[in-house]
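Everything below concerns the one structure shown next.
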Amino acid sequence: MHALSRLAPEVRQYLLVTGNYWAFTLTDGALRMLVVLHFHALGYTPLQIAALFLFYEIFGVITNLIGGYLGARIGLNRTMNIGLAMQVVALMMLTVPAAWLTIPWVMGAQALSGIAKDLNKMSAKSSIKLLVPNGQQSTLYRWVAVLTGSKNALKGVGFFLGGALLAAIGFRGSLLIMAAALSLIWVSSLVLLRKDLGKAKAKPKFRELLSKSQAINVLSAARLFLFGARDVWFVVALPVYLSAVFGWDFWQVGGFLALWVIGYGIVQSLAPAITGKRRGQVPDGHSAFGWALLLAGLPAGIALGLGTEWPPQAVLLGGLLLFGALFAVNSSLHSYLIVSYAKADGVSLDVGFYYMSNALGRLVGTLLSGWVYQGYGLEVCLWISSAFVLLAALISIALPHRDHAIKPTG
């Protein structure tokens with residue numbers, strides 16, 4: 001704590017925001033794995049387990065839109081702390097006796113967790129805009145990439161954590177430990193996080209929820225198709241395919257996907273170096289178009305490869321690793337652009353609108369993943385994924401371009 005107090009105020013606040021985000025992300029990943037494993041053991045069907053997360057995704061769309069408005073009205077410190085508190089409540093809701101754990105009750109707890117997650121994410125991403133001095137785009141890109149990449153890596157760690165806790169102390173004990181740890185983080189955040197962080201100077205009106213910026217509207221549309229392209233095959237189709245076709249057991253499927261998410265997060269953190277920061281460049285609309293175009297043909301290539309005599313495991317797993325790396329760069333680049341485009345005053349309005357599109361893309365992708373895979377198979381999911389990424393690339397053509405030259409920020 002003494003070492004933290006000796007840092008520059010902006011760095012100290014960034015570390016606090018990042019620490020909050022990390023702690024939340026660990027519980028978010030662990031909770032997802034706990035729910036899947038526990039209710040699978042209770043005999044729930046895959047469709048019933050998927051239904052438990054439906055409200056989690058639906059409320060993400062609503063929360064990002066309303067949450068940005070709240071952040072501008074009451075401050076990002078409060079929306080972040082509200083998110084932490086709501087996650088504690090969601091965890092405690094699942095510690096009730098087993099007879100109370102009906103599908104509606106668990107869906108309600110997941111809805112609360114979904115709201116909490118998106119309040120926390122919107123607050124963390126918006127805060128960085130306010131903690132980096134104007135004009136230091138290189139620093140902004142690096143801080144956004146580290147926050148975004150570390151979050152996804154820790155979500156993968158959370159998958160492992162959930163499984164380990166479940167095996168060691170059971171469902172209820174795991175939830176109680178996570179709720180207690182997150183409560184301590186919440187109390188620390190109440191004390192240490194800057195009280196006026198992100199509060200708009202002029203109180204925004206409710207009609208300002210929808211962004212008036214063409215750049216943000218275009219980027220949001222591209223983000224919708226980008227994340228739809230991932231989840232249309234990753235959320236339901238891929239795990240079921242690995243189990244049904246390759247004969248993998250649950251731990252093999254869960255472990256591989258957890259490692260994939262961790263690797264994905266690491267690449268996101270490295271995105272500034274990959275996209276040209278060392279050459280004095282930061283991304284713009286042209287970069288978003290180019291990286292999306294590079295990704296667009298890959299899912300279709302995997303689909304074609306699965307129809308050949310090549311070993312399907314090598315085709316799918318190799319393609320998945322390459323998709324993860326390219327998708328991570330695209331995602332990190334988008335995360336930087338939204339923070340860069342957003343207005344400093346009331347930043348959460350713009351960021352919330354953007355992540356509303358992100359959540360809508362996840363929801364559309366998740367629903368299509370189950371429906372298309374059940375009716376037409378993994379290959380069609382992959383073709384739809386390629387079409388979605390191509391749409392994201394074409395939409396990105398309308399994003400603004402700028403001079404790539406930046407000044408080093410030490």
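The analysis underlying the following values was restricted to heavy atoms, covering all of them including side chains, and did not include hydrogens, waters or symmetry mates.
- Taking the side chain to side chain donor-acceptor pair (under 3.5 Å) definition, one finds that S113 meets it with Q87, sequence neighbours left out.
- The nearest pair of heavy atoms linking A271 to Y141 is O-OH, 3.6 Å.
- Residues I338 and H334 have side chains not in contact (no heavy-atom distance under 4.5 Å, counting atoms from C-beta outward).
- With S220 contributing its side chain and I216 its backbone, the two residues share a donor-acceptor pair below 3.5 Å.
- Between M80 and L119 the shortest side-chain heavy-atom distance does not fall below 4.5 Å.
- With sequence neighbours excluded, no residue forms a side chain to side chain donor-acceptor pair (under 3.5 Å) with Y21.
- With sequence neighbours excluded, the residues forming a side-chain contact (heavy atoms from CB on, under 4.5 Å) with L322 are L298, L326, listed by chain and number.
- One finds the CG atom of L190 at 8.5 Å from the CG atom of L84 (value rounded to the nearest 0.5 Å).
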Take Y56 and D28, measure what side chain to side chain donor-acceptor pair (under 3.5 Å) needs, and give me the verdict at the end.
CA-CA 11 Å; Y56 180 95; D28 185 54; 2.8 Å; yes

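- Using a 4.5 Å heavy-atom threshold, the side chains of E379 and I302 count as separate.
- Once rounded to the nearest 0.5 Å, the distance linking CD1 of I82 with CD1 of I115 reads 11.5 Å.
- A229 and F323 make their closest contact through O-CZ, 4.4 Å (heavy atoms, listed as atom of the first residue, atom of the second, distance).
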Atom pairs and distances, donor-acceptor, side-chain atoms in residues 353-370, under 3.5 Å, two or more places apart:
unit_1 : atom_1 : unit_2 : atom_2 : d
Y354   : OH     : R223   : NE     : 3.2
Y354   : OH     : R223   : NH1    : 3.0
Y355   : OH     : K125   : NZ     : 2.7
N358   : OD1    : R223   : NE     : 2.6
N358   : OD1    : R223   : NH2    : 3.2
R362   : NE     : E57    : OE1    : 3.1
R362   : NH2    : E57    : OE1    : 3.2
T366   : OG1    : R362   : O      : 2.7
S369   : OG     : V232   : O      : 3.1
S369   : OG     : V236   : N      : 3.2
S369   : OG     : A237   : N      : 3.0

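- S396 contributes a side-chain N or O that, together with a main-chain N or O of A392, makes up a donor-acceptor pair within less than 3.5 Å.
- More than 12 heavy atoms of other residues, nucleotides or ligands lie within 6.0 Å of CZ in F246, so this atom counts as buried by the packing criterion.
- Considering every non-hydrogen atom in both G170 and S174, the closest pair reads O-OG, 2.6 Å.
- Residues passing the side-chain contact (heavy atoms from CB on, under 4.5 Å) test with S269: none are found, sequence neighbours excluded.
- Partners of S150 under the side chain to side chain donor-acceptor pair (under 3.5 Å) rule, at least two apart in sequence or in another chain, are W22.
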May I have the list of side-chain donor-acceptor pairs in residues 260-268 shorter than 3.5 Å, sequence neighbours left out?
unit_1 : atom_1 : unit_2 : atom_2 : d
W260   : NE1    : L320   : O      : 3.0
Q268   : OE1    : N152   : ND2    : 2.4
Q268   : NE2    : S331   : OG     : 3.0

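- The minimum heavy-atom distance between L26 and L154, with the atom names listed, is CD2-O, 3.6 Å.
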Any chance you could lay out the side-chain contact (heavy atoms from CB on, under 4.5 Å) test for F55 and M107, step after step, and finish with the verdict?
CA-CA 6 Å; F55 279 1; M107 287 179 74; 3.9 Å; yes

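- Between the CG atom in L193 and the CG atom in N20 there is a gap of 6.5 Å [rounded to 0.5 Å].
- Under a 3.5 Å cut-off, the side chain of S189 and the backbone N or O of I185 do not form any donor-acceptor pair.
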Could you give the side-chain donor-acceptor pairs of residues 89-103 under 3.5 Å, partners two or more places apart or in another chain?
unit_1 : atom_1 : unit_2 : atom_2 : d
T95    : OG1    : M92    : O      : 2.6
T102   : OG1    : W105   : N      : 3.4

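- No side-chain heavy atom of H286 sits under 4.5 Å from any side-chain heavy atom of L399.
- The line from CG of D118 to CD1 of I62 is 10.5 Å long, rounded to the nearest 0.5 Å.
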Go through it in stages, so that I can follow the logic: the residues are L176 and F171, the test is side-chain contact (heavy atoms from CB on, under 4.5 Å), and I'd like the CA-CA distance, side-chain angles, deciding distance and then a yes or no.
CA-CA 9 Å; L176 288 171; F171 185 67; over 6 Å; no

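- Ring centroids of F256 and F159 are separated by 6.0 Å or more, keeping the two rings apart.
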Passes side-chain contact (heavy atoms from CB on, under 4.5 Å), L270 versus V329? Steps please.
CA-CA 8 Å; L270 298 174; V329 174; over 6 Å; no

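- In terms of the side chain to side chain donor-acceptor pair (under 3.5 Å) criterion, residue partners of T79 (sequence neighbours excluded) are, by chain and number, S123.
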Under the side-chain contact (heavy atoms from CB on, under 4.5 Å) criterion, do F227 and F327 qualify, and how do the steps go?
CA-CA 9 Å; F227 270 74; F327 188 90; 3.9 Å; yes

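- For I177, the side-chain contact (heavy atoms from CB on, under 4.5 Å) test picks out I169, with sequence neighbours left out.
- Note that the CG atom of L31 and the NE2 atom of H38 stand 11.5 Å from one another [nearest 0.5 Å].
- Among residues at least two apart or in separate chains, there is no ring-ring contact (aromatic ring centres under 6.0 Å, His included) pair with a member in residues 287-315.
- Taking the side-chain contact (heavy atoms from CB on, under 4.5 Å) definition, one finds that A300 meets it with W383, S386, sequence neighbours left out.
- The number of heavy-atom neighbours closer than 6.0 Å to CD of Q374, taken from other residues, nucleotides and ligands shown, is 12 or below.
- When every heavy atom of L316 is checked against every heavy atom of W233, the shortest pair comes out as CD1-CZ3, 4.1 Å.
- To the nearest 0.5 angstrom, L166 atom CG is 10.5 Å from M33 atom CE.
- Across M86 and A116, no two heavy atoms sit closer than the pair CB-CB, 3.8 Å.
- Checking each of T27, L175, L161 against L34 for a side-chain contact (heavy atoms from CB on, under 4.5 Å) leaves exactly one that passes, namely L175.
- Distance alone, capped at 3.5 Å, is enough to place a donor-acceptor pair between the N81 side chain and the N77 backbone.
- With F388 as the aromatic partner, R230 does not meet the cation-pi criteria of under 6.0 angstrom to the ring centre and within 45 degrees of the ring axis.
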